[in-house]
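In this text the structure is predicted, and so the values were computed from the model without any measurement. For ligands, and for the atoms within them, numbers begin at 1 and follow the listed sequence.
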Amino acid sequence: MDRIRIVGGRKLNGTIPISGAKNAALPLMIAALLTDDTLILDNVPRLADVAQLQRILGNHGVDITAVGKRVGDQKYQGQTLRISAAHIIDTTAPYELVSRMRASFWVIAPLLARMHEARVSLPGGCAIGTRPVDLLIMAMEKLGAEISIDGGYVIAKAPGGLRGGSIAFPKVTVGGTHVSLMAASLARGTTVIENAACEPEVTDVAACLNKMGARIEGAGTSRIVVEGVDKLHGAQHAVLPDRIEAGTYAMAVAMTGGDVQLSGARPELLQSALDVLTAAGAEISVNDDGIRIARNGAGIRPVTVSTAPFPGFPTDLQAQLMALMVHAQGASEITETIFENRFMHVQELARFGARISLDGETARIDGIARLRGAPVMATDLRASVSLVIAGLAAEGETMVNRVYHLDRGFERLEDKLKACGASIERISD
Ligand code: UD1
């Protein structure tokens with residue numbers, strides 16, 4: 001398994017191009033199941049999760065062709081996928097495929113809406129908490145689906161097709177909102193989704209569905225109304241830029257010092273993170289090409305932050321912020337409100353010398369002036385990249401093991417950092 005070796009202590013200077021958002025690309029690819037026409041998606045990042053979803057869709061009979069520069073080409077970024085679900089040959093998503101990526105459970109919605117049946121493996125446990133799918137099932141039931149669970153599979157049926165309904169989520173769920181939008185688009189009648197997720201990726205998926213002929217209003221607010229249509233058609237859509245990737249590199253620059261242009265980043269997608277970074281002492285400016293972040297001279301100031309649904313501070317940047325706070329001049333507090341157990345990076349950050357104590361959902365971080373490089377390993381995607389951030393500022397060598405997690409969500413991570421002066425290399429065994 002690949003490892004990443006970092007020799008820390010170098011400032012980052014230069015330009016980092018921001019890729020398409022993983023969390024929009026995945027539901028957009030799944031939305032292709034809703035039509036027998038071709039959906040063309042531009043700016044799809046080349047990630048292990050995208051490749052895995054290609055396999056899962058392939059199992060349902062979906063044809064996908066990829067156009068764009070290949071891995072190994074100079075400066076490749078993104079790809080265009082032409083996805084055709086003209087012939088769905090199988091409505092079962094098996095355990096072996098779904099267990100490797102939770103978002104693949106979302107195929108339940110388009111399969112049910114278009115084929116009136118789906119059999120999808122429960123995703124099972126996950127390193128960042130139990131992450132149940134009860135609210136997704138509730139949403140499908142509100143649209144008239146009959147659901148049973150047998151042998152670890154969710155079996156969903158809607159013999160006469162789905163019908164519009166009223167879905168009120170007791171808590172904000174991104175996945176629940178995605179599946180509701182997809183299912184309601186092909187349901188008979190009107191669906192109202194209350195307490196919907198307002199994440200930009202939801203808005204992006206709704207925009208694509210509307211291009212495909214859906215009638216969705218209110219995406220980006222907590223109340224979304226969907227008028228069902230009989231059929232959706234093909235469309236072309238470019239995936240929006242990845243706000244989590246942009247926020248991650250912004251944290252890295254705040255950590256090492258330096259001056260970096262995040263090319264293609266959209267500030268309105270990560271304002272809460274930019275506000276936190278400003279409070280921590282980074283200089284942020286917005287220009288036509290994206291966001292510029294610098295920290296020169298000033299030290300890192302401690303902050304108190306709680307994660308929250310959009311537009312709050314994203315849980316997907318919590319581990320990265322914690323890495324930054326390890327190096328702050330004082331004590332900071334980070335509270336995780338979205339996922340239980342999303343603190344696995346704490347043990348690994350301690351290997352750099354970090355002083356972090358946990359009290360329930362709150363971590364208190366006592367900043368240290370010098371981090372020391374160490375061999376580390378992480379069990380999820382965002383936690384892994386927090387270790388890269390710590391390694392960039394640590395004295396000496398850091399070896400990040402299990403790079404598989406990074407490849408799930410960060411396109412060309414080491415190339416992008418190396419181009420800005422980091423000493424970072426991938427070691428393939
Ligand atoms: C998505 C993102 C993930 C991000 C998360 C929160 C993708 C591919 N993944 O995950 O990166 O961290 O949003 O912004 O887009 N919940 C239930 N029952 C359910 C569904 C969710 O209790 O049926 C709970 C979860 O355990 C969690 C909270 O709701 O505590 C939010 O989860 P949700 O927004 O659904 O996360 P995902 O869509 O899985």
Side-chain angles (χ1 to χ4, degrees), residues 20-31 44-45 47-50 52-53 56 98 100-109 120 122-142 147 149 154 156 167-183 193 195-206 222 239-240 242-245 247-248 269-270 272-273 306-321 335-345 361 380-386 405 408-410:
K22 169 180 89 76
N23 285 355
L26 300 178
L28 285 166
M29 290 169 69
I30 289 172
V44 178
L47 299 170
D49 272 7
V50 167
Q52 175 66 7
L53 185 55
I56 290 165
V98 177
R100 295 184 55 180
M101 187 177 51
R102 279 186 50 85
S104 51
F105 184 81
W106 302 346
V107 299
I108 194 168
V120 181
L122 282 164
C126 166
I128 63 171
T130 51
R131 300 183 79 177
V133 289
D134 55 323
L135 299 176
L136 282 67
I137 290 175
M138 176 277 280
M140 298 300 101
E141 284 177 338
K142 294 283 184 195
I147 308 240
I149 295 178
V154 177
I167 303 170
F169 286 113
K171 70 157 93 162
V172 174
T173 155
V174 172
T177 307
H178 281 314
V179 298
S180 301
L181 285 179
M182 289 189 221
I193 308 168
N195 201 21
C198 303
E199 267 65 7
E201 293 75 21
V202 168
T203 315
D204 202 42
V205 170
S222 59
V239 178
L240 91 170
D242 196 321
R243 63 196 167 101
I244 303 302
E245 188 197 24
T248 298
L269 305 184
L270 70 157
S272 60
S306 285
T307 60
F310 189 84
F313 187 88
T315 174
D316 286 349
L317 286 174
Q318 181 255 107
Q320 297 89 316
L321 178 65
T335 302
E336 172 57 56
T337 69
I338 310 285
F339 289 110
E340 54 189 89
N341 296 339
R342 200 173 198 179
F343 280 138
M344 277 90 46
H345 40 285
E361 299 304 322
D380 83 68
L381 167 60
R382 312 303 178 184
S384 310
V385 85
S386 76
H405 290 291
R408 287 187 47 213
F410 289 91

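- Atoms of ligand 1 found under 4.0 Å from any heavy atom of Gly175, numbered from 1 in the order shown, are 35 (O), 38 (O).
- Evaluated by nearest non-hydrogen atom to atom 22 (O) of ligand 1, the leading choice among Ala308, Pro132, Pro27 is Pro132.
- In terms of polar-atom proximity, defined here as any N/O pair under 3.5 Å, Thr173 does make such a contact with ligand 1.
- Taking each of Thr337, Asp316, Val205 in turn, the one with a heavy atom nearest to atom 12 (O) of ligand 1 proves to be Asp316.
- Panel note: side chain Glu201, backbone Val174; no donor-acceptor pair is recorded below 3.5 Å.
- In this structure, the separation between CE on Met182 and OG1 on Thr177 is 10.5 Å, given to the nearest 0.5 Å.
- For the pair Asp242 (side chain) and Lys22 (backbone), a donor-acceptor distance under 3.5 Å is present.
- Side chain of Asp204 to main chain of Ala24: no donor-acceptor pair is present (N/O by atom type, distance under 3.5 Å, no hydrogens or angles).
- When the heavy atoms of Leu26, Val174, Leu136 are ranked by distance to atom 13 (O) of ligand 1, first place goes to Val174.
- Between Arg342 and Asp316 there is a salt bridge, since at least one side-chain N of the basic residue sits less than 4.0 Å from a carboxylate O of the acidic one.
- Residue Lys171 touches ligand 1 through its side chain alone, judged by heavy-atom distances below 4.0 Å.
- Close contacts of ligand 1 with Arg342, meaning ligand atoms under 4.0 Å from a residue heavy atom, involve 12 (O).
- With hydrogens and angles disregarded, a donor-acceptor distance shorter than 3.5 Å links the side chain of Ser272 to the backbone of Gly312.
- Under the 3.5 Å distance criterion, the side-chain polar atoms of Glu340 are left unmatched by any main-chain donor or acceptor of Glu336.
- At least one N or O atom of Asp134, backbone or side chain, sits closer than 3.5 Å to an N or O atom of ligand 1.
- Contacts between Trp106 and ligand 1, counted as non-hydrogen atom pairs separated by less than 4.0 Å, involve the side chain only.
- Neither the backbone nor the side chain of Glu336 comes within 4.0 Å of ligand 1, counting heavy atoms alone.
- Of the heavy atoms in Val172, only backbone atoms (N, CA, C, O) come closer than 4.0 Å to ligand 1.
- Glu361 contributes no side-chain N or O that, together with a main-chain N or O of Thr335, makes up a donor-acceptor pair within less than 3.5 Å.
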